[in-house]
Amino acid sequence: MNARQRRWGGGLAGVCMLAVAGGALLAPSGAAAGQAADGGVTFTRDVLPILQRACQQCHRPGSVAPMSLLTYQEVRPWARAIRDKTAQREMPPWFIERNVGVRRFKEDPSLSDAEIAAIGRWVDAGAPRGNPADAPPPIELESLEEWRIGTPEWIVELPEPVVVGDVDADRWLDIWADSRLTADRYIKAVETKPSPGAHRVVHHVATSMRWEEEDGEEGGGFLNEYAMGKNGDIFPDGTGRLIRAGTRIRFNMHYSSVGEEIVDRTRVGFQLYPEGYVPDRVLISRHVGDSFDTLDIPAGADNVRSDGYYVLPEPTQVTGFQPHMHIRGKRMCVEAIHPSGLIETLSCTGHNFGWHIVYNYADEVAPLLPAGTILHVIGWHDNTAANRYNPDPKNWVGFGNRSIDDMSFAWMSFFHMPEVVYEQKLAERRRGDSDE
Ligand code: HEC
C-alpha cells in the first residue's frame, strides 16, 4: 500500500496501525504498568489523572456541570454514574466515532478504551482511594473570567441581559446583535464568553455571522463555540477569518437553570488584523451539505438518511467541522469524493442535541483535498420515542428553523490554497508518512 492510501485509511493494515498509535498517545502515562504490577486500580494513582485531563474543566465549582469532581470525597458518590457515562461515551461530551476517518483532533478530551476500562475496574473494586501520596498535584484550572485570547479589542454583547430563572426549563435561543463594525476586517482571534458568574447556566453558545453580499446574497459563517473547557480560537499567524462591515452576529444559546436566578449577557470578543490587511490564508466557515428541500422524516422512523453536497473550487485544507442538526439529529458522516473517484471518510460523529461540539482536526492530519473534491454530508435522524429529546414521535418533521423542525448540514471550516502550495503540502505529508 502506498503512503497516500495509508494516510487516508485506505486499507485495513493502515487503520490498525493508526488505531494502535492513537491509543498509545491517549493512555494515561504509567497507569497500565501500575495495574499490571499489583492488579488494583486506585483513585489517586489511576482515576484522578483521567478526571483532571478530561472532566475537571467542567466539573468544578461555578461551572455548568451539576457536580464538582475535584476531590475523592466529591467523586466517590458519583462513582457508578461515572462508570456508566464514560462506558457509554456520553462523558466527556465528544461523539466522534473512533474507528473511521481522521483520528487526531485538537483539544480532544475523549477517553481511550484503556482509560474507560480502568474506571470500570476501579468502580467494580469498590472505588478505593489508594495511597494519597500517589495523587498528582491539582491541575491549574483555567480562570472562568479571563479571556483566553487576551483582552479583546472589539466586543459584541447580547443586546439585552437574559434572566435564567431558578426553575426554568432548558432554553435554546437565537439572539441577534449588531457588530457595529464599519469596515471589513480579518479576525485574528475570537472568543465567546458568558457574563462573569453566569457560566453555571450557559450550557453552550455558538456564535455566527450574517451579512449581505453585494449581489444581495446572504453571506457569513461560523465564528466560535463556547462550551466549558473549550473556548477561544486563536488562528495561526497569517491566518484569518473575514468579518464584514455591518455584520450581524447570531448567538445560539443553550441555557439551563441551576435553581437560582442568574442573569447573563454573553459576549463575543475579537482580536483583529489592522484595517486593510488581508492574511495569506483566509479561513472560511460555511454550511456544507444542506438538505433544505429533501429533509423528510416520517413519524416514528429511525435512521432517516439525508444527503447534501458541496464542490471545493480550489485545493483545500479542512480544519474542522461541527454537525448541525436539531432534536431528531442522531448521526452525521462527512466524506470527500475525490476527482479520482476515491471516496475518503473524513469523520462520523454521533449527535446529541444537548451539545454542539466543534471537532478541529490536528494540523498534521487535517484533510488535504484537491480542487474539484465533493464534500458529501450524510445525516441520520431518529424520530422515535427512543430519542429522549423527541417531543412528539407522532409528527412528520421537515426542514425549519425551530428546534422542533430539523436540519442537516455541517459547519465546515477550511482554507483554500494555490495548486503549488497544495502539491508541496502533499509531498510533506508523504515524507512524514514514510518516517512513521
Ligand atoms: C464540556 C463539559 C463537560 C466535560 C468535559 C465533562 N462533563 Fe460530565 N457533565 C457535564 C454537564 C453539563 C452535565 C449535565 C448533563 C448534561 O447536560 O449532559 C454532565 C453530567 C455528567 C454526569 C451525570 C450527572 C447526573 O446528574 O447524573 C456524570 C456522571 C458526568 N458528567 C461525569 C463526567 C466525567 C467522568 C467526565 C470526564 C471523563 C465528564 N463528565 C466530563 C459537563 C461536562
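If you read the sequence from its start, that first residue is 1, and numbering goes on from there. All ligand and atom numbering here is 1-based and tracks the order in the structure.
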Trainee: Compare Arg200, His59, Lys85 and give the one whose heavy atom is closest to atom 33 (C) of ligand 1.
Mentor: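 Residue with the shortest heavy-atom distance to the ligand atom: His59.
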Trainee: Report, in ascending order of atom number, the atoms of ligand 1 lying under 4.0 Å from any heavy atom of Trp78.
Mentor: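 Near Trp78, the atoms of ligand 1 are 24 (C), 25 (C), 26 (O), 27 (O).
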Trainee: Shortest non-hydrogen contact from Leu48 to Pro136?
Mentor: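 Smallest interatomic distance, heavy atoms only, reads CD2-CD, 3.9 Å.
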Trainee: For the residue pair Phe235 and Val190, what are the closest heavy atoms and their distance?
Mentor: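 Closest pair (atom of Phe235, atom of Val190, distance): CZ-CG1, 4.1 Å.
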Trainee: Decide whether an N or O pair under 3.5 Å exists between His203 and ligand 1.
Mentor: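 Between His203 and ligand 1 (N or O atoms, distance only) the closest approach is under 3.5 Å.
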Trainee: Under a 4.0 angstrom heavy-atom cut-off, which atoms of ligand 1 come close to Ala54?
Mentor: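 Those atoms are 5 (C), 37 (C), 41 (C).
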Trainee: Please list every donor-acceptor pair under 3.5 Å in which a side-chain atom of residues 79-86 meets a protein atom from a residue at least two apart or in another chain.
Mentor:
from, atom 1, to, atom 2, distance (Å)
Arg83, NH1, Asp124, OD1, 2.7
Lys85, NZ, Glu90, OE1, 3.0
Thr86, OG1, Ile82, O, 2.7
Thr86, OG1, Arg83, O, 3.1

Trainee: By side-chain hydrogen bond (donor to acceptor under 3.5 Å, both in side chains), which residues pair with Arg241, not counting sequence neighbours?
Mentor: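 Counting only residues at least two positions away or on another chain, Arg241 forms a side-chain hydrogen bond (donor to acceptor under 3.5 Å, both in side chains) with Ser285.
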Trainee: Between Pro93 and ligand 1, find which residue part has any heavy-atom pair under 4.0 Å and reply side chain, backbone, both or neither.
Mentor: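 It is the side chain that touches ligand 1; the backbone stays farther off.
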Trainee: Out of Lys425, His416, Arg281, which one pairs with Gln317 under the side-chain hydrogen bond (donor to acceptor under 3.5 Å, both in side chains) rule?
Mentor: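 One option only clears the test, and that one is Lys425.
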Trainee: What atoms of ligand 1 come closer than 4.0 angstrom to any heavy atom of Ala81?
Mentor: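 Per the distance check, 29 (C).
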Trainee: Counting each atom of ligand 1 from 1 as listed, which ones have a heavy atom of Met67 under 4.0 Å away?
Mentor: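 Numbered from 1, ligand 1 contributes 22 (C), 24 (C), 28 (C), 29 (C), 30 (C).
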Trainee: Measure from atom 11 (C) of ligand 1 to every heavy atom in Ser63, Ala79, Cys58, Pro66 and give the option owning the shortest one.
Mentor: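 Among Ser63, Ala79, Cys58, Pro66, the closest heavy atom to atom 11 (C) of ligand 1 comes from Pro66.
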Trainee: Which heavy atom in Phe414 sits nearest to a heavy atom in Val288, and how many Å separate them?
Mentor: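 In terms of heavy atoms, the two residues are closest at CE2-CG2, 4.4 Å.
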